[in-house]
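This structure is a prediction, so every number in the text was calculated from the model and none was measured.
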Amino acid sequence: TSQIQFYDDNTEIAVLENSSENLKIESKVQDKDIIFSGNDGGAGIEAMRLDMSEGGKLGIKTTSPGEAVHVRGSAPTVKVQEDSSNHYVEIEGGGSTSFVNYYQELRFRSGSNETIRIDSSGRVGIGDSSPGSPLDIKSSEAANTANFNSTSGATNITFESNGSLIGQMEFSGAGPSQIVTRTSASLALGSNNVQTLFINDSDNVGIGETSPDGKLHIKQSTDNGNAIVVDSGTDGGRIDVLTVQEAGNERWNLSFEGN
């Protein structure tokens, strides 16, 4: 085996060795590092260091690597790129903000299973490899596709348009919970993409009526249909259909009893 040995006085400090046709560089002094340095624009620089006191941690532009690979500098960047293509991923640190830059798509995997994908338009898919909106979530979970948990009071989800708050969903264990608009616009509920119930800024409720004129405004658009159905649930039972009160005192009551 061919070797080149380096000594300081009578102390061996390093060896360059041909080890089975591999170049082996070995530091012989306990816990002393291997340093790669050079000249950058006339100034001497340390480019890379293998810290032997830390089990071989690699430091690039740092004399004290704290991790297996530690890169330091002004906006330091680590880039991994595929041969003969533009496909790459970069990890960049800069001031108080860090970045992950990528080409086309960025994917996260657990083992061989893809869990998150960010496409070239910035759309995020969780469990969805082809997100069609800014956030797509796909799950085989039968109970919860997503969970929102506040550790301090009610759980709120707010909605904005161009930076302005327009809606809010708030659920509270103590109640009341609410689904509200945060503007003067009406709130509509419906099914099958058809708006059915409307609540306007005057607290009027319309069923089949987009502009209710009273506290309850019902519009029946089908001939011979039932606008209101009241069922006691038992034969011969009494049904209180309508009660009119004034300051909490009953003034008028419409009820039916018997068959």
Side-chain angles (χ1 to χ4, degrees), residues 89 91-108 110 114-222 225-230 242 244-245 247-248:
V89 61
I91 301 175
E92 178 184 348
S96 60
T97 304
S98 298
F99 304 92
V100 176
N101 307 315
Y102 60 94
Y103 178 83
Q104 292 292 352
E105 294 184 336
L106 179 63
R107 307 179 189 184
F108 297 85
S110 176
E114 181 179 322
T115 56
I116 301 174
R117 178 180 298 206
I118 306 175
D119 69 13
S120 58
S121 299
R123 292 174 295 211
V124 178
I126 300 177
D128 189 344
S129 60
S130 301
S133 58
L135 176 61
D136 274 5
I137 302 176
K138 182 185 291 185
S139 172
S140 59
E141 293 282 345
N144 296 311
T145 300
N147 182 53
F148 300 88
N149 184 7
S150 171
T151 59
S152 179
T155 298
N156 280 275
I157 303 173
T158 57
F159 303 88
E160 293 186 355
S161 177
N162 293 323
S164 298
L165 185 63
I166 60 172
Q168 177 181 0
M169 299 171 63
E170 178 182 284
F171 295 90
S172 168
S177 296
Q178 60 178 344
I179 301 175
V180 297
T181 66
R182 297 297 297 269
T183 67
S184 60
S186 298
L187 176 67
L189 303 177
S191 63
N192 198 25
N193 202 32
V194 176
Q195 297 174 347
T196 304
L197 186 146
F198 302 85
I199 305 173
N200 65 18
D201 194 38
S202 299
D203 297 330
N204 293 340
V205 177
I207 300 177
E209 172 56 56
T210 60
S211 301
D213 294 326
K215 288 302 178 184
L216 178 61
H217 188 158
I218 301 173
K219 178 184 287 186
Q220 169 66 315
S221 59
T222 303
N226 294 314
I228 300 177
V229 175
V230 181
L242 179 64
V244 178
Q245 294 183 342

Item to check | Distance (rounded to the nearest 0.5 Å) between Ser191 OG and Leu197 CG | outcome: 11.0 Å
Checklist outcome for this item: Heavy atoms of Glu170 and Pro176 approach each other most closely as OE2-O, 4.4 Å
Checklist entry - Of all heavy-atom pairs between Glu209 and Ser211, which one has the smallest distance, and what is that distance? => result OE2-N, 2.9 Å
Item to check | Atom pair CG/CD of Asn156 and Gln178 - distance to nearest 0.5 Å | outcome: 7.5 Å
Next on the checklist: Is there a side chain to side chain contact (heavy atoms under 4.5 Å, CB included) between Ile116 and Val124? Walk through the geometry before answering.
Outcome noted: CA-CA 7 Å; Ile116 301 174; Val124 178; 4.2 Å; yes
Next on the checklist: Distance check, rounded to the nearest 0.5 Å: Thr145 atom OG1 versus Ile137 atom CD1?
Outcome noted: 8.0 Å
Checklist entry - Just how far is it from atom CG of Asn226 to atom CD1 of Ile218, taken to the nearest 0.5 Å? => result 11.5 Å
Checklist entry - Atom CG in Asp136, atom NZ in Lys138: separation rounded to 0.5 Å? => result 8.5 Å
Checklist outcome for this item: Residues passing the ring pair (Phe, Tyr, Trp, His ring centres under 6.0 Å) test with Tyr103, sequence neighbours excluded, are His87
Checklist entry - Side chain of Ser202, backbone of Asn204: donor and acceptor closer than 3.5 Å? => result no
Item to check | Partners passing side chain to side chain donor-acceptor pair (under 3.5 Å) against Ser161 (at least two apart in sequence or in another chain) | outcome: none
Item to check | For the student: nearest non-hydrogen atoms of Arg123 and Pro131, plus distance | outcome: NE-O, 3.5 Å
Item to check | Derivation of the side chain to side chain contact (heavy atoms under 4.5 Å, CB included) call for Ile199 and Leu189 | outcome: CA-CA 9 Å; Ile199 305 173; Leu189 303 177; 5.7 Å; no
Item to check | Other residues, nucleotides, ligands: >12 heavy atoms within 6.0 Å of Ile91 CD1 | outcome: no
Next on the checklist: Between Asp128 (side chain only) and Ser130 (backbone N and O only), is there a donor and an acceptor less than 3.5 Å apart?
Outcome noted: yes
Checklist entry - Shortest non-hydrogen contact from Ser172 to Ser177? => result N-OG, 3.0 Å
Checklist outcome for this item: Rounding to 0.5 Å, atoms OH (Tyr102) and CG (Asp119) come to a distance of 6.5 Å
Next on the checklist: Checking Phe159 against Arg182 for the side chain to side chain contact (heavy atoms under 4.5 Å, CB included) test, could you report, in this order, the C-alpha distance in whole Å, the side-chain angles of both residues, the deciding distance, and whether it holds?
Outcome noted: CA-CA 9 Å; Phe159 303 88; Arg182 297 297 297 269; over 6 Å; no
Checklist outcome for this item: Glu105 meets the salt bridge (Lys or Arg N to Asp or Glu O under 4.0 Å) criterion, sequence neighbours left out, with Arg107, Arg117
Checklist entry - Where do Asn101 and Glu92 land on the side chain to side chain contact (heavy atoms under 4.5 Å, CB included) test, with the steps shown first? => result CA-CA 8 Å; Asn101 307 315; Glu92 178 184 348; 3.2 Å; yes
Item to check | Side-chain donor/acceptor of Thr181 to backbone N/O of Gly167, under 3.5 Å | outcome: no
Checklist entry - Between Thr210 and Ser186, is any pair of side-chain heavy atoms under 4.5 Å apart? => result no
Next on the checklist: Has Thr155 got a side-chain atom pairing as donor or acceptor with Phe171's backbone, closer than 3.5 angstrom?
Outcome noted: no
